[in-house]
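Note sheet for the following structure.
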Amino acid sequence: MIATPDRTPLPRTFFDRPVLDVAQDLLGRLLVRTTPDGPITLRLTEVEAYDGPNDPGSHAYRGPTARNGVMFGPPGHVYVYFTYGMWHCMNLVCGPDGTASAVLLRAGEIVEGAESARKRRLSARNDKELAKGPARLATALDVDRALDGTDACATGDTPLRILAGTPVPADQVRNGPRTGVSGDGGVHPWRYWVADDPTVSPYRAHVPRRRRS
DNA sequence: CTGGAGATACTCT
DNA sequence: GAGTATCTCCAGG
């Protein structure tokens, strides 16, 4: 029997924990994006942990900048960055205020508002691909730098909220190396996903891009 | 169907 | 110059 997803907001204390604990616990949770078109709801199926200043793979590794400032703030807020000159990716900030760990949201299943997501994801060949990959996820949910710093735990009128949903049982959680992370940061098995879920993105090892001719 | 090459063009070192 | 990525095009099974 399938439990009805819990629509209760996740409390800020959920994010004020070690980032690896939060990352695993986020699988199966619901992210609700409120747009003028109506809500889009995503069930998280794949995430990656980034452990702030201790982690060579993290944007926070070399300290605060104009881009990553939100990572150093309080937990439960959204860190959105722009990458490769084209794409946005979103993270949820973890740990106490002043630390800089975060969880990158890599993939999920659109459970509400697929029609809206399809308008921005014209290259998706089916609904499993709407949010299969971190930049695809952000595009499907219409997330960009304007939402950087949004409090996902706030009650009331917010563009982005995270709800309890249905946590994934521990025996259904898989983990492995992080995707596309360069250098020593790639060795950590800090990518977590839901076993056998068709919306999880394929693993790709980091490959340095060839220089333009 | 799978996988690689090239393009994209912002942010930080 | 390299990066928490994705798209289209094309060669090869």
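Each chain gets a letter, A, B and so on, in the order its sequence line appears, and its residues count up from 1.
A stem is defined here as three or more consecutive Watson-Crick or G-U pairs, each with both distances under 3.5 Å; for DNA chain C these stems are B:1-8 with C:5-12, B:10-12 with C:1-3.
Side chains of L31(A) and L105(A) form a contact here, defined as non-hydrogen atoms less than 4.5 Å apart.
For S123(A) and dC7(C), the shortest distance from a side-chain N or O to OP1 or OP2 is below 4.0 Å. Distances shown here put a side-chain N or O of T65(A) below 4.0 Å from the OP1 or OP2 atom of dC12(B). Contact annotation: R204(A) reaches the phosphate of dT6(C) (side-chain N/O to OP1 or OP2, under 4.0 Å). Between R191(A) and dT4(C), a side-chain N or O to OP1/OP2 separation shorter than 4.0 Å is absent.
At whole-Å resolution of the value, CH2 in W87(A) and P in dT4(C) are 16 Å apart. The nearest whole Å value for the distance from the CG atom in D144(A) to the C1' atom in dA5(C) is 16 Å. Between the CG atom of D148(A) and the P atom of dC10(B) there is a distance of 18 Å, given to the nearest Å. Taking atom OH of Y81(A) as the reference point, atom P of dA2(C) lies 19 Å away to the nearest angstrom. For K132(A) and dC7(C), the NZ to P distance is 12 Å, given to the nearest whole Å. The CZ atom of R67(A) sits 16 Å away from the P atom of dA2(C) (whole-angstrom rounding). Here the C1' atom of nucleotide dT6(C) and the CZ atom of R106(A) are 12 Å apart, to the nearest Å. Rounded to whole Å, atom C1' of dT8(C) lies 14 Å from atom CZ of R121(A).
Among the heavy atoms of the strands, none lies under 4.0 Å from R145(A). Among the atoms of the strands shown, base atoms are found under 4.0 Å from some heavy atom of S58(A).
Checked for salt-bridge contact, K119(A) and D37(A) meet the test: a charged N lies under 4.0 Å from a carboxylate O. Salt bridge E129(A)/R121(A): absent, no basic N to carboxylate O contact under 4.0 Å. The residues R178(A) and E48(A) are annotated as not salt-bridged, no charged nitrogen and carboxylate oxygen being separated by less than 4.0 angstrom.
Picking from dC7(C), dC12(B), dT4(C) the nucleotide with the shortest atom distance to the side chain of Y50(A) gives dT4(C). Between dT6(C), dC12(B), dC10(B), one nucleotide has an atom nearer to the side chain of F82(A) than all others, and that is dC10(B). Minimum atom distance to the side chain of R62(A) is reached by dT13(B), of the listed dA5(C), dT8(C), dT13(B).
Residue W190(A) is tested with V181(A), D55(A), V103(A) for a side chain to side chain contact (heavy atoms under 4.5 Å, CB included); the sole match is D55(A).
Note on V32(A) and V47(A): separate hydrophobic clusters, where clusters join Ile, Leu, Val, Met, Phe, Trp and Tyr whose side-chain heavy atoms are under 4.5 Å apart, directly or indirectly.
DNA chain B is contacted by both G85(A) and G63(A); G85(A) maps to the nucleotide lying nearer its 5′ end (nearest heavy atom per residue).
The aromatic ring of Y84(A) is stacked on the base of dA5(C), with the two ring centres less than 5.5 Å apart and the planes inclined by under 30°.
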**Study point:** Worked check of ring pair (Phe, Tyr, Trp, His ring centres under 6.0 Å) between Y50(A) and H59(A)
**Key:** CA-CA 8 Å; Y50(A) 287 83; H59(A) 284 171; 7.6 Å; no
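With no hydrogens or angles considered, a side-chain donor-acceptor pair links T8(A) and D6(A) at under 3.5 Å.
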